[in-house]
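The next block holds one structure in the form of structure tokens; read it before the comments.
All values below come from the heavy atoms of this structure, side chains included, with hydrogens, waters and symmetry mates left out. Start at 1 and go down the list; that is how both ligands and their atoms are numbered. Predicted, not measured: the structure shown is a model, and the values here were computed from it.
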Amino acid sequence: MGKKKTRFETEVIHSGYQPDEHQDSLVPPLYQTSTFTFGSAEQGEKRFAGQEEGFIYSRLGNPTVKILEDRIAVLEQGEAGLAFSSGMAAVSAVLVALTKSGDHILCSQGVYGCTFGLLELLKEKYAINHDFSLMDSMEAIEQEILPNTACIYIETPINPTMKLVDLEMVASVANKKGIPVVIDNTFCSPYLQTPLTLGCDVVIHSATKYICGHGDVIAGLVVGKKDFIKQVSRTTQKDIGGIISPFDAWLLLRGLKTLPVRLDRHCENALKLFNFMKRHPKIDKVYFPGDPEHPDYSIAAKQMKQPGGLISFTIKGTKETAQQFMDQLQLIKIAVSLGDAETLIQHPATMTHAVVPEEERRKMGITNTLLRLSVGLEAWEDIQEDLEQALEKI
Ligand SMILES: Cc1ncc(COP(=O)(O)O)c(C=O)c1O
């Protein structure tokens, strides 16, 4: 009899793990080992030749890491998963696996600053060019796909401007042309958005964020078809070596168990704070996918379960006004991450996107007064009061 299919809230706790395969331990054990012993020389030979299942060396696979990889694959509704030492290790392993010198990558208009840096590096060193696209119509995407386009790379909601890309629409164009669609799903986590079910091919996470949820791990995850994951694991992951440590994988398994509970609260708090910020006279624009006036509101309603826990906004005034406002905050911490229990604020133009040239930043909509708030799990009234008192002082 097959295993009964259970719901997301159950899968985050149980999927990918069988206690009876691990000494009946309720919680997945931490296999903190660099290598595994072979019973004989012949067994070692067979494992290396792929003729016998089993672990060899933790850069090639580890039981704790494997549980995490199997679990994220279930949550993203994909065939297989792979864990990395950082979100950027995951992004680079995927992009290097999918491209060769002379290829082209079509990207959403706005990506995380270090992803931008990686795209520049690929261009300079390996002649792998890229173009940014608004991806707002099928016709535009069809024209922007070049004969040498090796993949389409998307962030949605886009960091930090919160613009959205219609994943089903992009995937329908790309699928016809046989071009893989890669999506960085960090802002949503699989609880809010499952791109593989919308026709995308590869999902990437900076697991450092909502998946970890506690601000104590840097990690990345990738989910896709079995063959692709096998290819990445045997090439760009194994040989470049950006693997996750077993302890970090163990912490992520622990964090994942509360993902839906945490995200419900992040989203609930964000919605309340959005309503406050939208009406505040010292705040100019607020970018939040849950805003009915957001130009991509209908896309958010179609592909996201809830609008998320991130709000970007511009302060009336100058860069200095925005920085003065940040310096007045007491509870909210100035830090560049997101998805933690603590509410965090950052100034993309001088922090996460400082590496992006000003001209490109302008095209991405990153102005000097733009701030990004990662709404935490504190009482929303306390977060609002902190914003209120800091706004009063500028
Ligand atoms: C959307 C997005 N993708 C990728 C990354 C990179 O992840 P990491 O810092 O885990 O390498 C980040 C980090 O902030 C991010 O926000």
Original post:
Relative to each other, are the rings of Tyr210 and His266 parallel, tilted or perpendicular (30° and 60° limits)?
Top reply: perpendicular

Original post:
Should the ring pair Phe247 and Trp250 be called parallel, tilted or perpendicular, given that the plane angle runs from 0 to 90° and is split at 30 and 60?
Top reply: parallel

Subject >> Atom indices of ligand 1, in the order listed, that fall short of 4.0 Å to a heavy atom of Asn159 >> reply: 1 (C), 16 (O)

Original post:
Just checking, is any N or O donor in the side chain of Gln346 or Thr352 under 3.5 Å from an acceptor N or O on the other one?
Top reply: yes

Original post:
Picking from Arg362, Glu358, Lys363, what satisfies side chain to side chain contact (heavy atoms under 4.5 Å, CB included) with Glu360?
Top reply: Lys363

**OP:** Can you pull out the closest protein heavy atom to atom 7 (O) of ligand 1? Residue, atom name and distance to 0.1 Å, please.
**Re:** Ser206 OG, 3.0 Å

Original post:
Would you say the side chains of Gln43 and Glu52 form a donor-acceptor pair under 3.5 Å?
Top reply: yes

Original post:
Are any of the N/O atoms in Arg372 less than 3.5 Å from those in ligand 1?
Top reply: no

Original post:
Which part of Cys114 is near ligand 1, with near meaning a heavy atom under 4.0 Å away: side chain, backbone, both or neither?
Top reply: neither

**OP:** Would you mind running through ligand 1 and noting each atom that sits below 4.0 Å from a heavy atom of Ala219?
**Re:** 10 (O)

Original post:
Under 3.5 Å, is there a donor-acceptor pair linking the side chains of Asn269 and Glu378?
Top reply: no

Original post:
Met88 to ligand 1: N or O pair under 3.5 Å?
Top reply: yes

**OP:** May I ask you to check whether Thr194 and Glu76 show a side-chain donor-acceptor distance below 3.5 Å?
**Re:** no

Original post:
Can you check whether Ile218 has an N/O within less than 3.5 Å of an N/O in ligand 1?
Top reply: no

Original post:
So which protein heavy atom does atom 6 (C) of ligand 1 come closest to, and at what separation?
Top reply: Tyr112 CE2, 3.4 Å

Subject >> Closest approach of any protein heavy atom to atom 10 (O) of ligand 1, naming residue and atom >> reply: Thr208 OG1, 2.6 Å

**OP:** Find all atoms of ligand 1 within a distance of less than 4.0 Å from any non-hydrogen atom belonging to Asp184, and give their numbers and elements.
**Re:** 1 (C), 2 (C), 3 (N), 4 (C)

Original post:
When you measure from the side chain of Thr149 to the backbone N and O of His104, does any donor-acceptor pair fall under 3.5 Å?
Top reply: no

Subject >> Protein heavy-atom partner closest to atom 9 (O) of ligand 1 - residue, atom, separation in Å >> reply: Lys209 NZ, 3.9 Å

